[in-house]
**Student:** 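Sharing a structure with you now.
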Amino acid sequence: MTTSSPAPPSDDTAAGTTAKPQPSGMAELVVPAILVAIAVFLIIGTATMVEPPSVQRPGPAFFPGIIIGLLLIMAVLSTVQTLRTVRARRAGLLQDEQEAHLDADGDPIEEIPPDPPPGREPWPAGAVTDWRAVLTVLGSLVAFMVLLRPAGWIVAAAALFWGVAYALGSRRPIFDVSVALVMSSVIQLTFGYLLGLNLPAGFLAGVM
Amino acid sequence: MDQLSNLMQGFSLALTPINLVWVVVGCVLGTAVGVLPGLGSAMAVALLLPVTFSLDPVGAFIMFAGIYYGGLFGDSTTAILMNTPGNSTAIASTFEGHRMAKRGRAPQALATAAIGAFTGGLLATILVVFFAPVLAELATVFGPAEYFALAVVAFVATAAVVADSAVKGLSALAIGLAIALIGVDAISGAARYTFGVPSLLDGIDIVVITVGLLALGEVLFIASRIHKDPEATAMKISGRPYLSGKEFREALPAWLRGSAFGLPFGAIPAGGAEIPTFLAFGLERNLDRRRAEPQFGTGAIRGLAAPEAAANATAGSAMGSLLALGLPTSATAAIMLAAFQQYGMQPGPLLFVRNGELVWALLASLFIGMIVLLVINLPFAPLWAKLLMIPKPYLYAGITVFSALGVYASSGSIFDVAMLTVIGLLGFALRRFGLPLAPVLIAVILGPLAETSLRRALAISEGDPGALFSSGLTITLYFLLLLGLVWVAFSRLRSRAQADI
């Protein structure tokens, strides 16, 4: 939903650095889409709501009605705002974005452009979101949910830790996995035993 | 003086060894998350909320308060050394603070910030001790219409006044209110928006929402940007690490003026410390222009001292309004309100009566915490900056594991972890498109209060909306809100006009 839109004109094309997460224009329409989706969710839920007999007025559908209205109004307003911003940017009216690399004195901010992780090509300057990293984090969470009950906390949490560290560019598998296992084991010991939180032991159930 | 004897009893409870440990743990954690950009006290309290259930509530709240104050001490460190505010509350400190550092006065800047935070927090806490019980007494006459007015003021103030764009703020507010609707309706008992899923009958757990929005949302956002956003570098620190008497006298009036800005803003629901820090900074700049030798632009000590004092004064009076009225005025206060509810307590007028012991121990621990924070921040600020050397992959992987731990531990359900992922994605989308998070949190936490008090007020008046504006208090609240909106609209128009010139 984001990467396809054209990059705003910027002169800092050096090695894939961009200033801030720049609103790349039409992608902002995701906001009204989310608002409308939530409003539709509430409308369907209100229509199918079973009201208990003889409820006090105003009933359970009263306040949701107000919120549905607010959601839809905001969806319209943010669509209008986005389209106006896109038009203004096309006309070259938004200058201030290029000043993002200067500090309050107007001196350039010393910044080190991050290295892309091994095996990845540099990012296109216009792309805002690194979807591969986001999906890796989400995948790690799914793996955690699948693994937690059968394999136990230590394994599932270590897998989650390593998955997120990998997504964020850590590329030392043996070291990363060791850190992950130490962390999940320490949590199992401190929180599971000392604070009495209920964490599944998994295959270690018999041992511990 | 009732308050003083209560406070002394609070000290006797807060000064037990185990509670002192919680104060120190809270202060250290708070400073750490304050120093790290992107992490804040709200996230830290949210992550700790589920794992502290087995603690005694006094210990848990003492720790949370330490985190809240500590976050405001720590956030200026990176603002000064790296021109990167640790939190939005330190943006105003960045301007002159970083200029001081660039001119070789980094240690003085760090000391000015720490003492400023101490001054602001101390003054605010003293006022809270004396006025919170009085405020709580006043609030005992609040009816549903008054509570609804308070909630509306909190909603509109955080959404429209604090956010850069009213549309974005109100959108975030509407999303939060919608999330809060899910579950069994408190008045009629009707199941709402559960779509037959039994796990949703109790609503989405507040732990899932706060951890998802603040922690997992941040992780996803960082993941989406990690290889693209450049990293700032910290400056080297050298020279004498203390303030000279002249510098101290120079900063003192700014500390006091800054505190005066922060105090009222913490008590009203204007969503945190951003506005008072900027107001305090603006006043110092205007005063500076009238001096014989203007200092601003060259690292003026007053331009740093005032916003730092303002930020921590806000935190102090925010605690007062949370305890006395049950009204959260910042994201962290909102999560602390949720924490009170988890322990079966309702902040507000009755808290001082029902849980007086806890309240006074908490207030006493705020004083202890302030001294602890001054000690761990004044000489050691450069050490805290070293936290930035933690590799980001491990930092955020650890946050993710802690999020999963908290959510699973509080409910034991995989479904909640799945909900966490969904809310995390929502938090990511909000960050990606620049929607503020505080209105979502305040809406989720105050939404049910707003709804029940609105419906009760209307039920009592048999549907006459005039009942919402019938008491002097409600009219005053709405009038103040209107005044705030007009002021914001006016100042935005003015700054737009200036930008055009």
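Residue numbers begin at 1 in each chain, while the letters A, B, ... track the order of the sequences.
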**Student:** At a 4.5 Å cut-off on heavy atoms, which part of Met145(A) comes close to chain B: side chain, backbone, both, or neither?
**Tutor:**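 It is both, since atoms from each part get that close.
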
**Student:** If you count heavy-atom pairs under 4.5 Å between each of Ala409(B), Ser171(B), Pro391(B) and chain A, which one has the most?
**Tutor:**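 The option with the most such pairs is Ser171(B).
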
**Student:** Say you draw a straight line from CZ of Phe402(B) to CG of Leu48(B); how long is it, rounded to the nearest 0.5 Å?
**Tutor:**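 Between atom CZ of Phe402(B) and atom CG of Leu48(B) there are 7.0 Å.
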
**Student:** Determine whether Asp185(B) and Arg455(B) make a side-chain contact, defined as any pair of heavy atoms from C-beta on separated by less than 4.5 Å.
**Tutor:**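 With C-beta onward as the side chain, the pair touches.
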
**Student:** Pick one of side chain, backbone, both or neither for Thr136(A), based on which atoms fall under 4.5 Å of a heavy atom in chain B.
**Tutor:**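 For Thr136(A), there is no contact with chain B at all, as no heavy atom is under 4.5 Å.
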
**Student:** Find out whether Pro32(A) and Val76(A) are in side-chain contact, i.e. whether some heavy atom of one side chain is under 4.5 Å from a heavy atom of the other.
**Tutor:**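 With C-beta onward as the side chain, the pair stays apart.
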
**Student:** To the nearest 0.5 Å, what is the distance between CD1 (Ile154(A)) and CG (Leu181(A))?
**Tutor:**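 Spacing of CD1 (Ile154(A)) from CG (Leu181(A)) equals 8.0 Å.
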
**Student:** How long is the span from the CG atom in Leu405(B) to the OG1 atom in Thr400(B), to the nearest 0.5 Å?
**Tutor:**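 The CG atom of Leu405(B) sits 12.0 Å away from the OG1 atom of Thr400(B).
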
**Student:** With only heavy atoms counted, which part of Ile414(B) is less than 4.5 Å from chain A, the side chain, the backbone, both or neither?
**Tutor:**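 Contact with chain A: backbone and side chain both.
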
**Student:** Between Leu35(A), Ile44(A), Ile73(A), which shows the greatest number of heavy-atom pairs under 4.5 Å with chain B?
**Tutor:**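 Of Leu35(A), Ile44(A), Ile73(A), Leu35(A) has the most heavy-atom pairs under 4.5 Å with chain B.
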
**Student:** Is Leu77(A) close to chain B through its backbone or its side chain, or both, or neither, when contacts mean heavy atoms under 4.5 Å?
**Tutor:**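 The answer is both parts of Leu77(A).
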
**Student:** Below 4.5 Å from any heavy atom of chain A, which atoms of Tyr408(B) appear? Answer side chain, backbone, both or neither.
**Tutor:**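 It is the side chain, since no backbone atom gets that close.
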
**Student:** Considering only heavy atoms, which portion of Ser413(B) lies under 4.5 Å from any heavy atom of chain A: side chain, backbone, both, or neither?
**Tutor:**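 Backbone only.
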
**Student:** So Val179(A) and Trp162(A), do their side chains get closer than 4.5 Å, heavy atoms only?
**Tutor:**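 Contact flag for Trp162(A)/Val179(A) side chains = no.
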
**Student:** By a 4.5 Å heavy-atom criterion (distance strictly below it), what part of Leu216(B) contacts chain A: side chain, backbone, both, or neither?
**Tutor:**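 Contact with chain A involves the side chain of Leu216(B) alone.
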
**Student:** Checking heavy atoms, do the side chain of Leu170(B), its backbone, both or neither come under 4.5 Å from chain A?
**Tutor:**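 Both the backbone and the side chain of Leu170(B) come within 4.5 Å of chain A.
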
**Student:** For Phe195(B), is it the side chain, the backbone, both, or neither that has a heavy atom closer than 4.5 Å to a heavy atom of chain A?
**Tutor:**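 Contact with chain A is through the side chain of Phe195(B) alone.
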
**Student:** Go through Ile179(B), Ile399(B), Val417(B), Leu173(B) and name the one with the most non-hydrogen pairs under 4.5 angstrom from chain A.
**Tutor:**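 That would be Val417(B).
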
**Student:** Heavy-atom distance under 4.5 Å to chain B: side chain of Val50(A), backbone, both or neither?
**Tutor:**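 Just its backbone gets close to chain B.
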
**Student:** Work out which heavy atom in Ala457(B) is nearest to a heavy atom in Pro144(B); give both atom names and the distance.
**Tutor:**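 Taking every non-hydrogen atom into account, N-CB, 3.8 Å.
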
**Student:** Of all heavy-atom pairs between Arg431(B) and Gly217(B), which one has the smallest distance, and what is that distance?
**Tutor:**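 What the structure gives for the nearest pair is NH1-C, 3.3 Å.
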
**Student:** Counting only non-hydrogen atoms closer than 4.5 Å, does Leu42(A) touch chain B with its backbone (N, CA, C, O), its side chain (CB onward), both, or neither?
**Tutor:**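 Both backbone and side chain of Leu42(A) come within 4.5 Å of chain B.
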
**Student:** Tell me, for Leu430(B) versus chain A, whether the close heavy atoms (under 4.5 Å) come from the side chain, the backbone, both or neither.
**Tutor:**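 When you check distances to chain A, no heavy atom of Leu430(B) falls under 4.5 Å.
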
**Student:** Looking only at heavy atoms and a cut-off of under 4.5 Å, which of Leu425(B), Thr94(B), Val219(B), Leu426(B) has the most pairs with chain A?
**Tutor:**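 So the answer, after comparing Leu425(B), Thr94(B), Val219(B), Leu426(B), is Leu425(B).
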
**Student:** Does any backbone or side-chain atom of Ile182(B) lie under 4.5 Å from a heavy atom of chain A? Answer side chain, backbone, both or neither.
**Tutor:**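 Interface part for Ile182(B): side chain.
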
**Student:** Once rounded to the nearest 0.5 Å, what's the spacing between atom CG of Leu181(B) and atom CZ of Phe41(A)?
**Tutor:**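 One gets 9.0 Å once the value is rounded to the nearest 0.5 Å.
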
**Student:** Can you tell me how far apart CZ (Phe281(B)) and CD (Glu96(B)) are? Round to the nearest 0.5 Å.
**Tutor:**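 Reported value, rounded in 0.5 Å steps: 5.0 Å.
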
**Student:** Are any non-hydrogen side-chain atoms of Lys168(B) and Pro436(B) less than 4.5 angstrom apart?
**Tutor:**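 A side-chain contact under 4.5 Å exists here.
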
**Student:** Chain A heavy atoms under 4.5 Å from Ile187(B): which part of the residue, side chain, backbone, both or neither?
**Tutor:**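 It is the side chain, since no backbone atom gets that close.
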
**Student:** Heavy-atom distance under 4.5 Å to chain A: side chain of Ala418(B), backbone, both or neither?
**Tutor:**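 Both parts, backbone and side chain.
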
**Student:** Would you give the length of the straight line joining atom OH of Tyr166(A) to atom CG of Leu168(A), rounded to the nearest 0.5 angstrom?
**Tutor:**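 Spacing of OH (Tyr166(A)) from CG (Leu168(A)) equals 12.5 Å.
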
**Student:** So which part of Ile66(A) gets closer than 4.5 Å to some heavy atom of chain B, the side chain, the backbone, both or neither?
**Tutor:**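 Contact with chain B is through the side chain of Ile66(A) alone.
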
**Student:** Against chain B, label Leu135(A) side chain, backbone, both or neither, depending on which of its atoms sit under 4.5 Å from a heavy atom there.
**Tutor:**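 Interface part for Leu135(A): neither.
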
**Student:** Does any backbone or side-chain atom of Phe161(A) lie under 4.5 Å from a heavy atom of chain B? Answer side chain, backbone, both or neither.
**Tutor:**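 Both backbone and side chain of Phe161(A) come within 4.5 Å of chain B.
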
**Student:** Counting heavy-atom pairs under 4.5 Å with chain A, which one of Gly189(B), Gly398(B), Ala191(B), Gly434(B) comes out on top?
**Tutor:**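 Top count of heavy-atom pairs under 4.5 Å with chain A: Gly398(B).
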
**Student:** For residues Pro60(A) and Met49(A), determine if any side-chain heavy atom of one lies less than 4.5 Å from a side-chain heavy atom of the other.
**Tutor:**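 When only atoms from C-beta onward are counted, Met49(A) and Pro60(A) do touch, with a gap below 4.5 Å.
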
**Student:** Using non-hydrogen atoms only, which part of Leu395(B) is less than 4.5 Å away from chain A: side chain, backbone, both, or neither?
**Tutor:**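 It is neither, since no heavy atom gets under 4.5 Å.
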
**Student:** When you compare the side chain of Leu458(B) with that of Phe62(A), does any pair of heavy atoms fall below 4.5 Å?
**Tutor:**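 Yes; the side chains approach each other to less than 4.5 Å.
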
